[in-house]
Amino acid sequence: MNTRFTNDLRIDGDRLIRRIEELATVGPIEGGGSCRLALTDEDRAGRDLVGAWMSEIGLSVSVDAIGNVIGTRPGRINGPPIMTGSHIDTVRTGGRYDGNLGVLAGLEVVETLERHGVQTEHPVAVAFFTDEEGARFPPDMLGSLVYVGGLGLEAALDIVGIDGAIVGEELARIGYRGIAPCPGPVPHAFVELHVEQGPVLEAEGITIGAVTGVQGISWTELTITGQSNHAGTTPMNLRHDAGYVAAAIAVHLRHLALEMSDGRSDRQVATAGRLDLHPDLVNVVAGLATMTVDLRNTDEKLLRDAEAELARFVAETATAEGVTVAERTLARFEPVVFDDRVVETVAGVATELGHSVRQMPSGAGHDAQMLARVCPTGMVFVPSRDGISHNPAEYTAPADLVAGADVLLHTLLALDAADFDNETKRIVEGRNQ
Ligand code: GLV
Ligand code: MN
Ligand code: MN
């Protein structure tokens, strides 16, 4: 694809950074981050703010039945839009860039086009998708999954969160159960700007990542039932200690990941991120433990091997301790490979704008991995200081934020001119994994 397309058009960096800072004040937490768990009052306030910005810029704003919000600027033709965007929900300890950057840079792109009177061929759409994080309502990427037809609307609306709340009820409560249909229209192409959330770009002194794909994700909830008993009187060999089994699983996950990584630090990752013990008291053997396991690998076969090893260890340990373990899959997505043409366009644009660039896979999950099921898709990464994310300390230097948004702008313009239409993949019924 021709990558000689950049011109003098640039986004307004101050405006982008002002909006990032203002959005971070919605659901503020100590350390400068935000807590906007999906479909909470804080999420609603963030949605209201970003929706108001969409309207101010002159976009026509629609809300679909799973609460995805899409602002569209018309193109010369009334065809499928070039789409960008990300999410504005956060984990409980969210930083100010994860997701927000992609949405606000999308707004910045359309505002730049608007102010400079640039007419695109396709409409340009900026989306923020519901519940990308999946921290309150698993799976992650829920809104974009429903948008592409990977999960039926009714099943999504019935999902119960970690606090017992239900997606459909919470959507209605915050006023974001919209009427635009799901699945939504298939875009001409989709590109998402995101902070890397890992250490690679910073370590290598590179400004732009042209993302080649996203690793596979496997989330499981384990409920371990033993017997609570007196901590002083119960001999060790007579215990059915759910807390011990949970701890053994957490330790085994670390060994499993290190062994499978074969000396490399990044091949297989494994995390026990949530652990609740009951009754959670100093002098009582825990009778109940609920924990989550997050396994990720870029190779589907290796990810399955990790899942099989986890299952083997859980069964063996449960039998030895005399506890039962119930398993529930919270999310399971295979690794995704992005469209070469989009990856090359991102890399070409970055080079032409004078930035250092490398191709790289994503360790984190993203809405782009869902859009990749239906249209040519790619992502742009910018560096994360110290590789820190899902933490209020998340930070990306202003110059890198601006560089990423300019790469996004010119990538979208290049894709506007690309002839993908004959090849655009169609939604495949039942591709619900
Ligand atoms: C979701 O964003 C994840 O990667 O956990
Ligand atoms: Mn994100
Ligand atoms: Mn995140």
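Atoms within each ligand, like the ligands themselves, are counted from 1 in listed order. Because the structure is a prediction, the values reported are computed rather than measured.
Neither the backbone nor the side chain of H194 has a heavy atom within less than 4.0 Å of ligand 1.
Counting backbone and side-chain atoms alike, H87 contributes no N/O/S atom closer than 2.8 Å to the Mn ion (ligand 3). H366 lies apart from the Mn ion (ligand 2) in this respect, since none of its N, O or S atoms is found at a distance under 2.8 Å.
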* To do: Tell me, with the steps shown, if E309 and H252 meet side chain to side chain donor-acceptor pair (under 3.5 Å).
  => CA-CA 10 Å; E309 171 53 21; H252 188 69; 2.7 Å; yes
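The name of the N, O or S atom in E133 nearest to the Mn ion (ligand 3) is OE2. Taking the N/O/S atoms of D98 in turn, the shortest distance to the Mn ion (ligand 3) belongs to OD2.
For ligand 1, none of its N or O atoms has an N or O atom of M141 under 3.5 Å away.
With Y176 as the aromatic partner, R47 meets the cation-pi criteria of under 6.0 angstrom to the ring centre and within 45 degrees of the ring axis. With W219 as the aromatic partner, R332 does not meet the cation-pi criteria of under 6.0 angstrom to the ring centre and within 45 degrees of the ring axis.
Close approach to D140 involves these atoms of ligand 1, each under 4.0 Å from a residue heavy atom: 1 (C), 3 (C). Numbered from 1 in the order shown, with element, the atoms of ligand 1 that lie under 4.0 Å from a heavy atom of E133 read 1 (C), 2 (O). Every atom of ligand 1 is numbered from 1 in the order shown, and the set under 4.0 Å from a heavy atom of A364 is 4 (O).
When hydrogens are left out, the protein atom nearest atom 2 (O) of ligand 1 is E132 OE2, 3.0 Å; that is the closest non-hydrogen contact. The nearest protein atom to atom 5 (O) of ligand 1, hydrogens excluded, is given as R296 NH2, 2.8 Å; this is a heavy-atom distance.
Other residues, nucleotides and ligands place more than 12 heavy atoms under 6.0 Å from the NE2 atom of H355.
Between the side chains of E21 and T25, not a single donor N or O lies within less than 3.5 Å of an accepting N or O.
Using modelled atom types, one side-chain atom of E192 and one backbone atom of A368 make a donor-acceptor pair closer than 3.5 Å.
The OH atom of Y244 lies 10.0 Å from the CD1 atom of I249; values are rounded to the nearest 0.5 Å.
Proximity of the aromatic rings of H366 and F381 is defined here by a centroid distance below 6.0 angstrom, and this criterion is met.
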